[in-house]
Engineer: 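Questions regarding the structure given below will be posed in turn.
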Protein chains: 2
Amino acid sequence: MSKLPPKPAQKTRIQHQNEQLILEAALAVFSAYGYRGTTVDQIAAKAGLSKPNLLYYFRRKEDIYVAVLEHTLTEWLAPLRLLDREKDPIEELSAYISAKLELSWRNPAASRLFANEILHGAPHIEKYLKGALKELVDEKASVITHWVKEGRMRPVAPHHLIFAIWAVTQHYADFAPQVEALLGPHLDHATANQAAIQILVQGLKPAESH
Amino acid sequence: MSKLPPKPAQKTRIQHQNEQLILEAALAVFSAYGYRGTTVDQIAAKAGLSKPNLLYYFRRKEDIYVAVLEHTLTEWLAPLRLLDREKDPIEELSAYISAKLELSWRNPAASRLFANEILHGAPHIEKYLKGALKELVDEKASVITHWVKEGRMRPVAPHHLIFAIWAVTQHYADFAPQVEALLGPHLDHATANQAAIQILVQGLKPAESH
DNA sequence: TCTGGTCTTGACCATTTGATCAAGAATGAA
DNA sequence: TTCATTCTTGATCAAATGGTCAAGACCAGA
């Protein structure tokens with residue numbers, strides 16, 4: 001919650017740099033071991049700082065966690081904002097799936113951090129889920145409903161469609177060890193991308209379109 | 001790994017009963033707080049035993065965890081075995097999705113325990129993933145390929161289809177706080193079930209079938 | 001160079017927690 | 001009832017861990 005760094009609203013060069021180091025290290029460690037499984041020492045070591053020095057920037061372990069979590073949420077949700085009701089639903093949803101998959105490949109740690117938080121009851125982001133997130137999702141759900149009404153896609157429960165897209169795309173990050181164990185060396189981003197789009201979107205094309 | 005309970009292969013009535021209590025309590029606590037977030041005291045309290053007494057049945061905390069995890073895997077995978085290559089693919093896959101969803105509603109703790117384990121690198125079940133699980137999944141993937149070859153369903157990457165089904169169905173257990181926050185009181189099992197089947201399976205119907 | 005604020009750290013503390021153990025209580029077969 | 005085995009627990013320990021603090025090093029503007 002409180003960032004600590006002393007009085008001045010103005011950040012020092014060193015402050016900026018070290019906070020960045022800490023956030024990057026914390027993301028890696030928290031996402032790998034969970035909140036309770038992570039020690040302040042681990043984060044400090046990964047960031048190349050001493051433990052007291054790290055605690056100079058973030059007074060409590062929880063402050064680091066919250067900072068990393070909030071820092072991640074924005075990026076993670078950005079693609080959803082792009083859904084445009086004026087454009088073609090199939091193309092829009094396909095693009096959204098691709099964007100989410102790209103995030104999973106590029107930053108799996110962020111996905112896992114988020115998954116872990118929710119898996120354990122989302123104690124730090126309850127307000128966010130019921131506030132900003134719900135607002136955005138409800139809006140995009142209405143876009144889907146709009147598409148359905150216009151006959152541009154088959155009827156579907158919009159919220160559940162969004163859940164399905166999230167579930168499938170984040171699965172490749174969150175369950176990576178399982179995916180790799182089962183696909184072996186055959187794991188290919190392009191193939192996964194194509195399969196995900198086909199599975200999730202094929203059935204939504206309006207009846208007359210093929 | 002090692003179960004401890006002394007020499008006799010024969011289990012006492014009390015042994016059987018207390019081990020059961022412990023496994024149930026451990027599933028609840030581990031799935032809620034993760035491995036590191038769980039204390040032996042918590043499990044003992046939930047099971048109604050003293051800590052030393054609990055450690056009489058399972059020597060180490062990790063032994064309890066492994067026992068619960070293995071105990072869960074079998075049940076969790078059972079529905080997949082039922083996929084029958086001789087029957088209709090759409091009906092078979094729909095039934096599989098329903099069965100998996102039913103598990104998520106009935107035993108979300110098991111789903112979360114499993115998700116947490118994989119999320120953190122699957123350190124305890126690596127062999128299982130690459131062994132028994134891979135074997136089963138490869139076999140069922142070949143069933144899907146068989147269906148495709150016979151033209152009974154559209155071409156699809158079989159492993160990715162299985163991933164998608166897992167992802168969507170388990171999402172309702174693993175991300176329950178998010179689902180509830182976004183659906184509010186509108187969360188309805190039947191609706192979710194219908195939506196999941198439609199989204200995942202609709203696009204797989206062969207072209208001429210509608 | 002001087003100086004006030006910023007940054008860094010070794011030493012330390014209190015608490016939590018996994019695990020042990022000896023001693024006693026309960027159990028059940030003969 | 002007897003008694004060997006199984007079961008239970010209060011007391012205790014060592015290690016891990018989040019967090020503090022005082023003292024010193026460093027930095028940048030005047």
Side-chain angles (χ1 to χ4, degrees), chain A residues 1-26 28-30 32-69 120 123-124, chain B residues 1-26 28-30 32-69 120 123-124:
Chain A
M1 303 289 187
S2 62
K3 284 295 252 2
L4 191 260
K7 310 89 193 179
Q10 190 71 2
K11 274 184 189 170
T12 305
R13 172 184 59 85
I14 295 179
Q15 252 174 63
H16 190 76
Q17 174 183 312
N18 280 350
E19 282 180 6
Q20 199 58 35
L21 277 176
I22 293 170
L23 290 180
E24 282 171 21
V29 182
F30 277 131
Y33 303 102
Y35 180 75
R36 296 287 287 273
T38 293
T39 71
V40 178
D41 273 313
Q42 280 178 79
I43 302 176
K46 188 128 198 164
L49 302 175
S50 69
K51 179 166 69 167
N53 197 12
L54 182 150
L55 289 171
Y56 169 77
Y57 292 99
F58 295 87
R59 231 197 266 281
R60 302 178 306 146
K61 178 187 178 183
E62 196 180 357
D63 293 343
I64 313 175
Y65 181 74
V66 171
V68 169
L69 197 56
H120 294 78
H124 298 93
Chain B
M1 300 299 184
S2 62
K3 284 295 251 4
L4 189 261
K7 310 91 193 176
Q10 190 73 1
K11 274 185 188 172
T12 303
R13 172 184 60 86
I14 295 180
Q15 251 175 64
H16 190 75
Q17 174 182 314
N18 281 349
E19 282 180 6
Q20 198 58 33
L21 277 176
I22 293 170
L23 290 180
E24 282 169 24
V29 182
F30 276 132
Y33 303 103
Y35 180 75
R36 295 287 286 272
T38 292
T39 71
V40 177
D41 272 314
Q42 281 178 77
I43 302 175
K46 188 127 198 162
L49 302 175
S50 69
K51 181 164 67 168
N53 197 11
L54 183 149
L55 289 170
Y56 169 75
Y57 292 99
F58 295 88
R59 230 197 268 282
R60 301 178 308 146
K61 178 186 178 184
E62 197 180 356
D63 293 343
I64 313 175
Y65 181 75
V66 171
V68 170
L69 197 56
H120 293 72
H124 299 92

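Quick note on labels: first sequence line is chain A, next is B, and so on, each numbered from 1.
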Engineer: Nearest-nucleotide wise, let me know which of S50(A) and R36(A) is further upstream toward the 5' end of DNA chain C.
Structural biologist: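 The residue whose closest nucleotide sits nearer the 5' end is S50(A).
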
Engineer: Would you mind reading off the distance between R13(A) atom CZ and dC26(D) atom C1', rounded to a whole angstrom?
Structural biologist: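 Interatomic distance, CZ of R13(A) to C1' of dC26(D): 11 Å.
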
Engineer: Tell me whether the NZ or CZ atom of K61(B) lies within the 45° cone about the ring axis of F30(B) and under 6.0 Å from its centre.
Structural biologist: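 No, K61(B) does not sit over the ring of F30(B).
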
Engineer: Where the side chain of K61(A) is concerned, which of dC7(D), dG18(D), dT9(D) is the nearest nucleotide?
Structural biologist: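 Looking only at side-chain atoms, K61(A) lies closest to dG18(D).
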
Engineer: Kindly point out which of dA19(C), dG18(D), dT8(C) is positioned nearest to the side chain of V40(A)?
Structural biologist: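 Of the candidates, dG18(D) comes closest.
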
Engineer: Would one find a side-chain N or O of Q15(A) under 4.0 angstrom from OP1 or OP2 of dC7(C)?
Structural biologist: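 The answer is yes; a side-chain N or O of Q15(A) sits under 4.0 Å from OP1 or OP2.
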
Engineer: Taking CD from Q42(A) and P from dT17(D), how many angstroms apart are they, rounded to a whole number?
Structural biologist: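 After rounding, the gap between these two atoms is 7 Å.
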
Engineer: Checking side-chain contact (heavy atoms from CB on, under 4.5 Å) for the pair L21(B)/N18(B): CA distance, chi angles, key distance, verdict?
Structural biologist: CA-CA 5 Å; L21(B) 277 176; N18(B) 281 349; 3.8 Å; yes

Engineer: dC21(C), dT8(D), dT9(C): which one has an atom nearest the side-chain heavy atoms of P52(B)?
Structural biologist: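 Nearest to the side-chain atoms of P52(B), counting from C-beta on, is dC21(C).
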
Engineer: Is K46(B) salt-bridged to E24(B), going by a charged N under 4.0 Å from an acidic O?
Structural biologist: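 A salt bridge is absent here (no side-chain N lies under 4.0 Å from a carboxylate O).
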
Engineer: To the nearest Å, give me how far apart OH (Y65(A)) and C1' (dG18(D)) are.
Structural biologist: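 Spelled out: OH on Y65(A) to C1' on dG18(D) is 17 Å.
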
Engineer: Please pick, from dT9(D), dG18(D), dC27(D), the nucleotide with the shortest atom-to-atom distance to any side-chain atom of K51(A).
Structural biologist: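 When the side chain of K51(A) is considered, dG18(D) is the closest of dT9(D), dG18(D), dC27(D).
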
Engineer: What integer distance in Å separates D41(B):CG from dT9(D):P?
Structural biologist: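 Checked: the CG to P distance equals 13 Å.
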
Engineer: Nearest to the side chain of L55(A) - dT20(D), dT9(D), dT17(D)?
Structural biologist: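 Between dT20(D), dT9(D), dT17(D), the one nearest the side chain of L55(A) would be dT20(D).
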
Engineer: Rounded to whole angstrom units, what separation is found between the NE2 atom of H16(A) and the C1' atom of dC27(D)?
Structural biologist: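 After rounding, the gap between these two atoms is 18 Å.
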
Engineer: Side chain of Y56(A): nearest nucleotide among dT27(C), dT8(C), dT17(C)?
Structural biologist: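 Selected nucleotide: dT8(C).
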
Engineer: When the distance from CG of N18(A) to C1' of dC27(D) is rounded to whole Å, what number comes out?
Structural biologist: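 N18(A) atom CG is separated from dC27(D) atom C1' by 14 Å.
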
Engineer: From the list dT6(C), dT20(C), dT8(D), which nucleotide is the closest neighbour of the side chain of R59(B)?
Structural biologist: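 Out of dT6(C), dT20(C), dT8(D), the nucleotide with an atom closest to R59(B)'s side chain is dT20(C).
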
Engineer: Nearest whole angstrom, please: distance from the P of dG18(D) to the CZ of F30(A).
Structural biologist: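 Interatomic distance, CZ of F30(A) to P of dG18(D): 9 Å.
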
Engineer: Of all the choices, dT8(C), dT8(D), dG18(C), which nucleotide is nearest to the side chain of N53(B) once you look at every atom?
Structural biologist: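 That would be dT8(D).
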
Engineer: Can you measure I64(B) atom CD1 to dT17(C) atom C1' for me and round it to whole angstrom units?
Structural biologist: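 From I64(B) CD1 to dT17(C) C1': 13 Å.
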
Engineer: Ignoring the backbone of T39(A), work out which of dG18(D), dT6(C), dT8(D) is nearest its side chain.
Structural biologist: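 Closest of the options to the side chain of T39(A): dG18(D).
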
Engineer: Reading DNA chain C from 5' onward, which residue's closest nucleotide shows up sooner: T38(B) or I14(B)?
Structural biologist: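 It is T38(B), whose closest nucleotide lies nearer the 5' terminus.
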
Engineer: What's the shortest heavy-atom distance between L23(A) and A67(A), and which atoms?
Structural biologist: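 Smallest interatomic distance, heavy atoms only, reads CD2-CB, 3.9 Å.
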
Engineer: Between I43(A) and I22(A), what is the shortest heavy-atom contact and its length?
Structural biologist: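 Of all heavy-atom pairs spanning I43(A) and I22(A), the closest is CG2-O, 4.2 Å.
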
